[in-house]
Amino acid sequence: MAKKLVTVVVPMYNEEPMVPHFLTKIAEIIKENDGYNFEVVAVNDGSRDNTLALLYDFQKKYKFLRVVNLSRNFGHEAAVAAGLSVAKGDAIIPIDADLQDPPELIKPMLELFEEGYDVVNARRASRKEDTWIKRYTAGKFYKVIDKLSGKVRIPQNVGHYRLISRRVLDEVLKLPESNRVFRVEVPYVGFKTAEVAFVRPKREHGKTHYNMKSMIDLAINAITITSTKPLNFVFKFAMWLGIIFGLSAVTQLVLFILEMTKVLVLPFLNHGVWLLINVSLFLTTVILLALTIISIYLGKTFNETQKRPFYVIESVKENK
Ligand code: UDP
Ligand code: MG
């Protein structure tokens, strides 16, 4: 039987110091997993250093190496997407160039793939190497997005590093959105999923390209392509404000009547100011309700323009 092909997709932005280490390591892993053919798709994401030249050079030494060169820096997510678009493998594994995603996991991932799993997530079981702020925000991010994503279960602490089968990749590539976040697209597509856990080591050479701003961008992208639920907040605000208005108006009315009938004397109470506050609470509630109507239509419009498939069929078993 012909050997299956495994595609390793590795985005590279200014990774000159990592290129030799990464390729040496991956070559070892390829040797160990000789039951498979391998191709490594290195995507040069507009590096300003010698990454590209180095990659071209290493192509002489490593026959498995294919190089995709982007016309400028597009960012991690885009670089992975570009690599995935040319992947030929039966199984595809996106991985970081800095060896923070240990290539040793490829073997257990392939074992689970052979057991029939279409997706094998590599979960960061510990993020000790990260600052507490990154750990905290990342933890919250995965929880929030899982909550917002409805029926789609978003695995916690799984980045790009995972194995996906050919059919999963084909379904991911069919997703029509141009705003792409791989880690929420794979769970959207579904299929039988397993997991391997690892402790994420430190980056050995070079430095991280993620700062607070790019992490916030990623979070916003992931949330907005996954869910229109944040739009519902407008309605919640409207409800709360409506309740506050109702209580305030009723209280004022009761106090006003008690004063008129001389049951109570409240000399410091200024009904004029209170009435103004009530009117503005009422008007704001009305505006928020109007915004709610707009956001319902906006959500529907978003879903229509996003044009994601309504379902994904895994298989059909005819009964002949
Ligand atoms: N990367 C990329 N384009 C960018 C930024 C990063 O292709 O604009 C690549 C980078 O070379 C690495 C991977 O994305 O292979 C992850 O980047 P990094 O290690 O900086 O992220 P972190 O591990 O700090 O989250
Ligand atoms: Mg890294």
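Each ligand, and each atom within it, is numbered from 1 in the order the structure gives.
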Checklist entry - Near Ala97, which atoms of ligand 1 are under 4.0 Å from a heavy atom of that residue? => result 15 (O)
Checklist entry - Under 3.5 Å, side chain of Glu77 to main-chain N/O of Phe182, donor-acceptor pair present? => result yes
Item to check | Sub-4.0 Å atoms of ligand 1 with respect to non-hydrogen atoms of Arg200 | outcome: 23 (O)
Checklist entry - Should the pair Trp274 and His271 be assigned to parallel (<30°), tilted (30 to 60°) or perpendicular (>60°) ring geometry? => result parallel
Checklist entry - Which residue owns the protein heavy atom closest to atom 1 (N) of ligand 1, what's the atom, and how far is it? => result Tyr13 CB, 3.8 Å
Checklist entry - Among side-chain atoms of Asn278 and Ser248, is any donor-acceptor pair under 3.5 angstrom? => result yes
Checklist entry - Nearest non-hydrogen atom to atom 12 (C) of ligand 1 belongs to which of His76, Met12, Glu15? => result Glu15
Checklist entry - Which residue owns the protein heavy atom closest to atom 20 (O) of ligand 1, what's the atom, and how far is it? => result His209 N, 2.6 Å
Next on the checklist: How far is atom 23 (O) of ligand 1 from the closest protein heavy atom, and which atom is that?
Outcome noted: Gln100 OE1, 2.8 Å
Checklist outcome for this item: The atoms of ligand 1 lying under 4.0 Å from a heavy atom of Lys134, numbered in the order shown, are 25 (O)
Item to check | For the student: nearest non-hydrogen atoms of His205 and Pro17, plus distance | outcome: CB-CB, 3.8 Å
Item to check | From Val80, Asn44, Asp45 - option closest to atom 4 (C) of ligand 1 by heavy atom | outcome: Asp45
Checklist entry - Of the backbone atoms (N, CA, C, O) and the side-chain heavy atoms from C-beta on, which set of Met18 has a member under 4.0 Å from an atom of ligand 1: side chain, backbone, both, or neither? => result neither
Checklist entry - Should the heavy atoms of other residues, nucleotides or ligands under 6.0 Å from NZ of Lys88 be counted, would the total exceed 12? => result no
Item to check | Residue and atom name of the nearest protein heavy atom (relative to atom 21 (O) of ligand 1), distance in Å to one decimal | outcome: Tyr210 CD1, 3.3 Å
Item to check | Ser214-Asp217 side chain donor-acceptor pair, cut-off 3.5 Å | outcome: no
Checklist outcome for this item: Heavy-atom closest pair (Ala82 atom, Leu70 atom, distance to 0.1 Å) is CB-CD2, 3.8 Å
Next on the checklist: Checking a contact table here: which protein heavy atom is nearest atom 22 (P) of ligand 1, and how many Å away?
Outcome noted: Thr208 OG1, 3.7 Å
Item to check | Check: Ala79 N/O within less than 3.5 Å of ligand 1 N/O | outcome: no
Next on the checklist: Treating Arg308 as the side-chain partner and Glu177 as the backbone partner, does any N or O pair qualify as donor plus acceptor under 3.5 Å?
Outcome noted: no
Item to check | atom 18 (P) of ligand 1 - nearest protein heavy atom and its distance | outcome: Arg203 NH2, 3.5 Å
Item to check | ligand 1 to Lys207 polar contact by distance, N or O atoms, under 3.5 Å | outcome: no
Checklist entry - About how large, to 10 degrees, is the angle OD2 of Asp98, then the Mg ion (ligand 2), then OE1 of Gln100? => result 100°
Checklist outcome for this item: Near Asn73 (heavy-atom distance under 4.0 Å), the atoms of ligand 1 are 3 (N), 4 (C), 8 (O)
Item to check | No-hydrogen, no-angle side-chain donor-acceptor test under 3.5 Å, Thr7 and Glu39 | outcome: yes
Item to check | Heavy-atom nearest neighbour in the protein, as seen from atom 13 (C) of ligand 1, with distance rounded to 0.1 Å | outcome: Asp96 OD1, 3.5 Å
Checklist entry - Is there at least one pair of N or O atoms, one from Val10 and one from ligand 1, spaced under 3.5 Å apart? => result no
Checklist entry - Cut-off 3.5 Å, side chains only: do Arg162 and Asn121 have a donor facing an acceptor? => result yes
Next on the checklist: Over 60° means perpendicular and under 30° means parallel, so tell me whether Phe198 and Tyr161 are parallel, tilted or perpendicular.
Outcome noted: perpendicular
Item to check | Salt bridge flag under 4.0 Å for residues Arg200 and Asp96 | outcome: yes
Next on the checklist: Counting non-hydrogen protein atoms only, what is the nearest one to atom 7 (O) of ligand 1? Give residue, atom name and distance.
Outcome noted: Pro11 CB, 3.3 Å
Next on the checklist: Contact between ligand 1 and Glu77 is defined here as a heavy atom of the residue under 4.0 Å from a ligand atom; is it met?
Outcome noted: no
Checklist outcome for this item: In ligand 1, the atoms that come under 4.0 Å of a heavy atom of Asp98 are 19 (O), 23 (O)
Item to check | Working for ring pair (Phe, Tyr, Trp, His ring centres under 6.0 Å), residues Phe64 and Phe38 | outcome: CA-CA 6 Å; Phe64 56 71; Phe38 277 84; 8.1 Å; no
